[in-house]
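The structure under discussion appears below in the form of C-alpha cells.
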Amino acid sequence: MESHKEKILVVDDEASIRRILETRLSMIGYEVVTAGDGEEAIAMFRDEIPDLVVLDVMMPKLDGYGVCQELRKESDVPIIMLTALSDVADRITGLELGADDYVVKPFSPKELEARIRSVLRRVDRNGSSGIPSSGVMHISNIRIDANKRQVYKGDERIRLTGMEFSLLELLVGKSGEAFSRADILQEVWGYTPERHVDTRVVDVHISRLRAKLEEDPSNPELILTARGTGYLFQRITESEES
C-alpha cells in the first residue's frame, strides 16, 4: 500500500521559482501543485486541499496577504510566506494575518525545505511533557485537548493554527517556566534565529494567542511576559488540571 504523500501548494508568479520548488520538493517526497496568481491559488487550494501552502507576497490579481486572509477564513492549513520586501513591518503583516512563518527572498531552497519539514512536524505532533496523561487540561475557562489539538473557551471552540497550538502546548507543558524568544523559536519552529528580527515570529504568535484566549489581551493573565527574558504561561496548580 502506497504511503500518503504530503501535498504542498506553491504559489508564486515567477514560473522559474515554481519549477525549481516543484522539482526539489517532489524529489524529497512531497506531492506538489502550483499556482501563478492569488485567484488561482484560492481555487487550487479548494480543489487540492494541500497540507501546506508556500505563498509569495507580491502577485497579480490578489497578493499573498489577500490570499492568506481568505485561506484563514476557512482553514488552519500551515502557511509559509515568501517575501522580497525589505521592510520588517511588511514581513510581520503576513504573520499577523495568520501565516506560520516567512522566508525572505532570495532564499536557499534548502532553508525553505527545512522550514517546511519543521512546520509539518510540529503541526502533526501530538502530546507534550507536562500535559496530563488524559491529554486534557482545564485552566480557568480554557480547556486544552492535546489529543485532538483543540482549545475551547467556555463552550466555544477557539480556532488555532497548528503552530499556535504547538506554541501554547510548549508554554502550558512547562507552566511557570520562562522561555526566551530564541528558545521558543528553536523548540516550536525548529531553527535558531540568525537575526534579531527573526524572533518577531514569536512575538506575533504570542499576540495572536492572547487575542484568542485572554479576556483582556492588553492585560494578559494566562500568557505572561517575562521581562528581560521572553514569555511564560501562568503557573498551573494541580487543582486546575484534569
Side-chain angles (χ1 to χ4, degrees), residues 52-53 55 57 63-81 83 87-102 119 122-123 125 128 131 136-146 148-185 187-189 193 196-227 229-236 240:
L52 181 143
V53 179
L55 179 61
V57 171
D63 67 16
Y65 298 145
V67 174
C68 187
Q69 281 183 298
E70 288 301 310
L71 296 187
R72 279 292 170 255
K73 290 177 182 177
E74 57 191 78
S75 173
D76 302 324
V77 66
I79 298 172
I80 297 177
M81 301 203 78
T83 173
D87 191 331
V88 172
D90 288 333
R91 298 187 211 167
I92 299 305
T93 297
L95 297 172
E96 291 174 337
L97 293 173
D100 295 283
D101 203 355
Y102 67 81
V119 169
R122 291 300 308 192
V123 167
R125 183 174 173 272
S128 174
I131 301 290
V136 178
M137 177 179 286
H138 290 83
I139 306 116
S140 185
N141 67 333
I142 302 295
R143 175 163 58 94
I144 301 170
D145 187 332
K148 296 180 180 179
R149 294 179 68 82
Q150 294 178 356
V151 176
Y152 293 83
K153 188 175 183 180
D155 295 327
E156 179 188 2
R157 182 181 170 188
I158 304 300
R159 221 164 135 175
L160 301 186
T161 67
M163 297 303 278
E164 286 171 347
F165 188 90
S166 292
L167 172 56
L168 178 64
E169 190 177 41
L170 173 70
L171 296 177
V172 168
K174 295 186 177 179
S175 70
E177 179 179 330
F179 288 87
S180 70
R181 291 169 175 82
D183 286 342
I184 292 173
L185 197 65
E187 289 286 334
V188 178
W189 279 264
H196 176 69
V197 69
D198 289 343
T199 58
R200 289 294 302 277
V201 173
V202 175
D203 293 332
V204 175
H205 275 73
I206 290 288
S207 178
R208 280 165 37 184
L209 274 179
R210 284 172 169 168
K212 292 179 179 183
L213 300 180
E214 300 279 2
E215 294 298 329
D216 179 4
S218 63
N219 186 29
E221 297 181 352
L222 299 175
I223 303 172
L224 310 176
T225 299
R227 298 201 180 281
T229 305
Y231 300 100
L232 74 157
F233 200 91
Q234 69 162 357
R235 186 172 298 281
I236 300 169
E240 291 178 295

_Do F165 and I144 make a side-chain contact, defined as non-hydrogen atoms from C-beta onward lying under 4.5 Å apart?_
yes
*Of all heavy-atom pairs between R149 and G162, which one has the smallest distance, and what is that distance?*
NH2-O, 3.1 Å
*asked:* According to side chain to side chain contact (heavy atoms under 4.5 Å, CB included), who are the partners of E215, at least two apart in sequence or on a separate chain?
replied: N141, K153
_My understanding is that only one of V67, T161, L97 makes a side chain to side chain contact (heavy atoms under 4.5 Å, CB included) with R72; could you say which?_
T161
_Using the rule given for side chain to side chain contact (heavy atoms under 4.5 Å, CB included), can you reason through L160 versus D76, listing the C-alpha separation, both sets of side-chain angles and the distance that settles it, and then say yes or no?_
CA-CA 7 Å; L160 301 186; D76 302 324; over 6 Å; no
*Candidate pair V151 and K212, rule side chain to side chain contact (heavy atoms under 4.5 Å, CB included), full reasoning*: CA-CA 10 Å; V151 176; K212 292 179 179 183; over 6 Å; no
*Verify, without hydrogens or angle tests, whether E221 (side chain) and E214 (backbone) share a donor-acceptor contact under 3.5 angstrom.*
no
_Between T225 and Y231, is the side chain to side chain contact (heavy atoms under 4.5 Å, CB included) condition met? List the steps._
CA-CA 5 Å; T225 299; Y231 300 100; 3.8 Å; yes
*Would you find a donor on one side and an acceptor on the other, under 3.5 Å apart, between the side chain of R122 and the backbone of E187?*
yes
_Can a donor-acceptor pair be found, under 3.5 Å and without considering hydrogens, that links the side chain of T199 to the backbone of R181?_
no
_Nearest atoms (heavy-atom pairs only) where L232 meets A178_ = CB-CA, 3.8 Å
*W189 side chain to D100 main-chain N or O, any donor-acceptor pair under 3.5 Å?*
yes
*Nearest heavy-atom pair of P193 and A182: which atoms, and what distance?*
CG-CB, 3.8 Å
*Within a strict 4.5 Å, meaning less than it, do heavy atoms of the F179 and V202 side chains meet?*
no
_Quick check: closest heavy atoms across V201 and H205, and the distance to 0.1 Å?_
O-ND1, 3.0 Å
